[in-house]
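Below is one structure, written out as structure tokens; the observations come after it.
In each ligand, atom 1 is the first atom listed, and ligand 1 is the first ligand listed.
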Amino acid sequence: DRRLKIAPSILSADFAALGAECRAVEEQGADWVHVDVMDGAFVPNLTFGAVAAKAMRPHIRGVMDVHLMVARPDDWIADFVAAGADFITIHPESGPHTHRTLQSIRKAGVKAGLALNPGTGLDGLEWLLDDIDLICVMSVNPGFGGQSFIPSALPKIAAIRNLIADRPIHIEVDGGVVPQNAGAIVAAGADVLVAGSAVFKGGSLAAPDVYGRNIAAL
Ligand code: DX5
Ligand code: ZN
């Protein structure tokens, strides 16, 4: 299903009300909820673990899209499977056994994703195309919301689009996605847009319809 999907990243949401924020973005048109897990080691920021994802799960009717920005993903797969993740996306930069980790996600009946940092090439990707359901192209250096889109992500998305050909693999773009660049990102081949600050900025639980306008603008 290559229909465009918007996946608000809760990194920019109100962390004191994550359940309500998940409900608000879904009510306002979000297709997926993108859950950014950071361990303070793989990236210079620390968000939360599987306990928070588990707490959010009952407030997400649709897809819970877990992005593991962690140094030792193998340590956490089981916990995020138990938390109810629909997708678990790992970084090949986090260790030498990417294929094995992807297999462990699939074995648990969860969809497997691979997230490529801006400086990571496509070398080796051709050997993983049967083991992934999603490729996440990082268009910012992971760790923070509100950064600017890195333009070299556009040709990278197009190259991945070519490599995937007609395989049922989502191309998700993550970082600095705003209404001004969303068209070019989709034209390059993306079918899932992650947006944190573009959706949540200026929003609040007092004015959740802001989320709807921000999502629609993408
Ligand atoms: C960054 C995260 C992104 C981030 C996107 O490490 O993986 O999902 O939250 O936030 P914006 O859309 O504000 O760049
Ligand atoms: Zn992310």
Check: [Y] and [X] side chains under 4.5 Å, non-hydrogen atoms:
| X | Y | answer |
| --- | --- | --- |
| Thr89 | Leu114 | no |
| Val194 | Val177 | no |
| Val210 | Phe200 | no |
| Ser94 | Val70 | no |

Check: [X] N/O within less than 3.5 Å of ligand 1 N/O:
| X | answer |
| --- | --- |
| Met69 | no |
| Asp174 | yes |
| Ser197 | yes |
| Ala198 | no |
| Gly196 | yes |
| Leu11 | no |

Which of the numbered atoms in ligand 1 are below 4.0 angstrom from a heavy atom of [X]?
| X | value |
| --- | --- |
| Pro142 | 6 (O) |
| Gly175 | 14 (O) |
| Phe144 | 1 (C), 6 (O) |
| Met38 | 6 (O) |
| Val194 | 8 (O) |
| Ala195 | 12 (O) |
| His67 | 7 (O) |
| His34 | 8 (O) |

Side chain to side chain donor-acceptor pair (under 3.5 Å) between Glu21 and Tyr211, intermediate numbers included: CA-CA 10 Å; Glu21 293 280 71; Tyr211 299 164; 2.7 Å; yes
OD1 (Asp36) - the Zn ion (ligand 2) - ND1 (His67) angle, nearest 10°: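 The angle at the Zn ion (ligand 2) comes to 90°, rounded to the nearest 10°.
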Asp174, N/O/S atom nearest the Zn ion (ligand 2):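 The nearest such atom is OD2.
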Nearest protein heavy-atom contact for [atom]: which residue, which atom, what distance?
| atom | answer |
| --- | --- |
| atom 10 (O) of ligand 1 | Gly145 CA, 3.6 Å |
| atom 6 (O) of ligand 1 | Gly143 N, 2.7 Å |
| atom 14 (O) of ligand 1 | Gly176 N, 2.8 Å |
| atom 4 (C) of ligand 1 | Asp36 OD2, 3.8 Å |

Evaluation steps, salt bridge (charged side-chain N to carboxylate O under 4.0 Å, His left out), between Asp79 and Lys54: CA-CA 9 Å; Asp79 290 4; Lys54 186 177 170 69; over 6 Å; no
Whether His34 has an N, O or S atom under 2.8 Å from the Zn ion (ligand 2):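 A backbone or side-chain N, O or S atom of His34 is under 2.8 Å from the Zn ion (ligand 2).
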Mutual orientation of the aromatic rings belonging to His170 and Phe87 [parallel < 30°, tilted 30-60°, perpendicular > 60°]: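 Because their plane-to-plane angle is over 60°, the rings of His170 and Phe87 count as perpendicular.
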Whether His91 and His67 hold their rings parallel, tilted or perpendicular, with breakpoints at 30° and 60°: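 It falls in the parallel class, under 30°.
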Minimum-distance pair of heavy atoms, taken over all atoms of Val192 and Ala7: CG1-CB, 4.1 Å
Derivation of the side chain to side chain donor-acceptor pair (under 3.5 Å) call for Thr47 and Asp36: CA-CA 7 Å; Thr47 54; Asp36 282 317; over 6 Å; no
Verdict with reasoning, Arg57 to Asp86, per salt bridge (charged side-chain N to carboxylate O under 4.0 Å, His left out): CA-CA 10 Å; Arg57 179 69 263 187; Asp86 295 293; 2.8 Å; yes
Pair Asp31-Arg3, salt bridge (charged side-chain N to carboxylate O under 4.0 Å, His left out): steps then yes or no: CA-CA 10 Å; Asp31 300 284; Arg3 186 179 53 82; 3.7 Å; yes
Option passing side-chain contact (heavy atoms from CB on, under 4.5 Å) with Leu68 (candidates Val35, Asp75, Ile88): Ile88
